[in-house]
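Values below: every heavy atom of this structure, side chains too, minus hydrogens, waters and symmetry copies. Numbers here simply count residues along the sequence, with the first being 1.
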Amino acid sequence: MSLAGKAASFLALHRPGAPLLQPNAWDVGSARILAAMGFEAIATTSSGFAASLGRPDGAVSRDEVLEHCRELSAAVDIPVAADTEDGFAREPDGVAETVRLAAQTGLAGCSVEDFTRDRDTPIYDVELAADRIRAAVEAARESEHGLVITARAENFLYGIDDLDATIRRLQAYQQAGADVLFSPGVVTLDQIRAVCSSVDRPVNVLAMAGAPTVEELASAGVARISVGGSFAFVAYAALIRAAQELKDGGTVTYREAIAAARPVFGQAFTG
């Protein structure tokens with residue numbers, strides 16, 4: 001079936017040249033704040049969610065992630081997409097089962113990585129990786145409203161700095177039916193232009209240190225910009241600074257930042 005409901009609305013927000021700004025929330029509170037600020041869609045973050053549980057990235061179970069997705073989807077009216085890591089399975093059938101379960105949580109979309117979780121052989125063979133995306137797409141289309149499937153090529157995050165190979169992977173994932181393509185770690189404007197001009201699907205870019213501006217990314221044809229776990233860790237960094245001030249300096253000047261944020265709190269934390 002074709003996409004409907006929030007999934008269809010979510011995909012329609014992907015406009016090359018006028019990218020969707022999709023920040024990543026790590027709990028219900030952050031999701032509501034971002035929605036109150038006017039963002040049109042949000043995503044989860046595996047590292048941010050794991051940190052909220054006091055764990056490193058990758059140390060959260062599929063059941064925990066699905067419950068987290070259910071809570072965030074119910075907390076806001078805008079589309080929510082999930083970082084479902086590698087689909088919590090190696091084989092395509094297992095990835096498909098994860099997507100079927102994700103579709104029952106109220107999500108508008110989810111992503112599937114080609115990272116194996118094996119640092120010695122970090123990336124799946126491209127044929128298996130494409131089969132995993134194909135299974136995810138088929139499972140998504142079988143659900144009531146569908147899910148937008150984002151296929152992630154993880155080469156650059158794991159020391160394989162080969163843009164041509166990454167593009168070939170993204171093209172294979174496009175052929176497998178992915179709705180959106182994403183290669184985190186591709187950061188230079190020339191690389192991003194090359195990716196966008198080589199595929200016929202919306203491209204997501206992760207805003208990393210040294211990344212181009214939103215305006216530059218738009219000019220390159222990017223359709224979506226996400227932030228990964230960075231917002232969560234900026235919040236934790238602010239917590240550490242405030243706690244350090246109280247502990248070492250005995251002052252509470254950190255409270256000055258609260259007043260400016262109160263109007264957003266008032267919108268986000270109601271009902």
Side-chain angles (χ1 to χ4, degrees), residues 1-49 52 64-85 98-99 101-112 136 140-141 143-152 178-182 184 201-207 214 217-218 222-235 261-271:
M1 63 170 289
S2 59
L3 298 174
K6 283 188 176 180
S9 299
F10 178 48
L11 187 58
L13 293 171
H14 293 70
R15 300 176 293 267
L20 167 67
L21 301 181
Q22 182 189 251
N24 300 69
W26 62 96
D27 61 10
V28 167
S30 59
R32 287 183 171 166
I33 286 171
L34 294 168
M37 292 181 68
F39 287 98
E40 296 178 283
I42 60 173
T44 69
T45 158
S46 63
S47 61
F49 176 47
S52 75
E64 288 173 316
V65 167
L66 292 170
E67 182 57 30
H68 175 61
C69 293
R70 189 173 290 107
E71 290 175 353
L72 265 62
S73 296
V76 296
D77 293 328
I78 59 176
V80 177
D83 179 348
T84 40
E85 304 187 44
T98 294
V99 172
L101 293 170
Q104 298 170 18
T105 67
L107 288 170
C110 66
S111 59
V112 178
R141 297 300 185 264
S143 63
E144 182 178 1
H145 298 296
L147 283 177
V148 173
I149 298 297
T150 297
R152 294 177 47 145
D179 300 297
V180 180
L181 302 170
F182 181 18
R201 295 287 189 275
V203 172
N204 182 86
V205 167
L206 177 64
V214 170
L217 291 173
V222 171
R224 188 175 83 198
I225 300 169
S226 58
V227 303
S230 62
F231 278 17
F233 287 96
V234 165
R262 284 195 189 281
V264 178
F265 293 158
Q267 294 176 61
F269 304 148
T270 57

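Shown here are the side-chain contact (heavy atoms from CB on, under 4.5 Å) partners of Phe265, two or more places apart in sequence or in another chain: Ile33, Ile258, Ala261, Phe269. The salt bridge (Lys or Arg N to Asp or Glu O under 4.0 Å) check on Glu67 picks up Arg70, with sequence neighbours excluded.
The shortest distance between side-chain heavy atoms of Val180 and Val148 falls below 4.5 Å.
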Sequence neighbours excluded and cut-off under 3.5 Å, please list the side-chain donor-acceptor pairs for residues 20-31, or say none.
{"residue": "Asn24", "atom": "OD1", "partner": "Val227", "partner atom": "N", "Å": "3.0"}
{"residue": "Asn24", "atom": "OD1", "partner": "Gly228", "partner atom": "N", "Å": "2.9"}
{"residue": "Asn24", "atom": "ND2", "partner": "Thr44", "partner atom": "O", "Å": "2.8"}
{"residue": "Asp27", "atom": "OD1", "partner": "Gly29", "partner atom": "N", "Å": "3.3"}
{"residue": "Asp27", "atom": "OD1", "partner": "Ser30", "partner atom": "N", "Å": "2.7"}
{"residue": "Asp27", "atom": "OD1", "partner": "Ser30", "partner atom": "OG", "Å": "2.8"}
{"residue": "Ser30", "atom": "OG", "partner": "Trp26", "partner atom": "N", "Å": "3.0"}
{"residue": "Ser30", "atom": "OG", "partner": "Asp27", "partner atom": "N", "Å": "3.1"}
{"residue": "Ser30", "atom": "OG", "partner": "Asp27", "partner atom": "O", "Å": "3.0"}

Expected list for residues 9-18: side-chain donor-acceptor pairs under 3.5 angstrom, two or more places apart:
{"residue": "Ser9", "atom": "OG", "partner": "Gly5", "partner atom": "O", "Å": "3.2"}
{"residue": "His14", "atom": "ND1", "partner": "Phe10", "partner atom": "O", "Å": "2.9"}
{"residue": "His14", "atom": "ND1", "partner": "Leu11", "partner atom": "O", "Å": "3.3"}
{"residue": "His14", "atom": "NE2", "partner": "Arg224", "partner atom": "NH1", "Å": "2.9"}

Name every donor-acceptor pair, under 3.5 Å, that has one atom in a side chain of residues 71-85 and the other anywhere in the protein, sequence neighbours excluded.
{"residue": "Ser73", "atom": "OG", "partner": "Cys69", "partner atom": "O", "Å": "2.9"}
{"residue": "Asp83", "atom": "OD1", "partner": "Glu85", "partner atom": "N", "Å": "3.0"}
{"residue": "Asp83", "atom": "OD2", "partner": "Ser46", "partner atom": "N", "Å": "3.3"}
{"residue": "Asp83", "atom": "OD2", "partner": "Ser46", "partner atom": "OG", "Å": "3.1"}
{"residue": "Thr84", "atom": "OG1", "partner": "Ser111", "partner atom": "O", "Å": "2.5"}
{"residue": "Glu85", "atom": "OE1", "partner": "Arg117", "partner atom": "NH2", "Å": "2.9"}

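Here the shortest heavy-atom pairing between Thr45 and Gly229 reads OG1-CA, 3.3 Å. Closest heavy-atom contact between Thr105 and Ala102: OG1-O, 2.7 Å.
The CD atom of Gln267 lies 9.5 Å from the CE atom of Met37; values are rounded to the nearest 0.5 Å. Distance check, rounded to the nearest 0.5 Å: OG of Ser143 to CG of Leu3 gives 8.5 Å. To the nearest 0.5 angstrom, Leu34 atom CG is 6.0 Å from Phe39 atom CZ. Here Glu40 contributes atom CD and Ile42 contributes atom CD1; the two are 13.0 Å apart, rounded to the nearest 0.5 Å. Between Leu181 atom CG and Arg152 atom CZ the span is 12.5 Å, to the nearest 0.5 Å.
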Quiz item: What's the verdict on side chain to side chain contact (heavy atoms under 4.5 Å, CB included) for Ile149 and Cys110, showing C-alpha distance, side-chain angles and the deciding distance?
Solution: CA-CA 5 Å; Ile149 298 297; Cys110 66; 3.8 Å; yes
Practice problem: Take Asn204 and Ile225, measure what side chain to side chain contact (heavy atoms under 4.5 Å, CB included) needs, and give me the verdict at the end. | Solution: CA-CA 6 Å; Asn204 182 86; Ile225 300 169; 5.7 Å; no
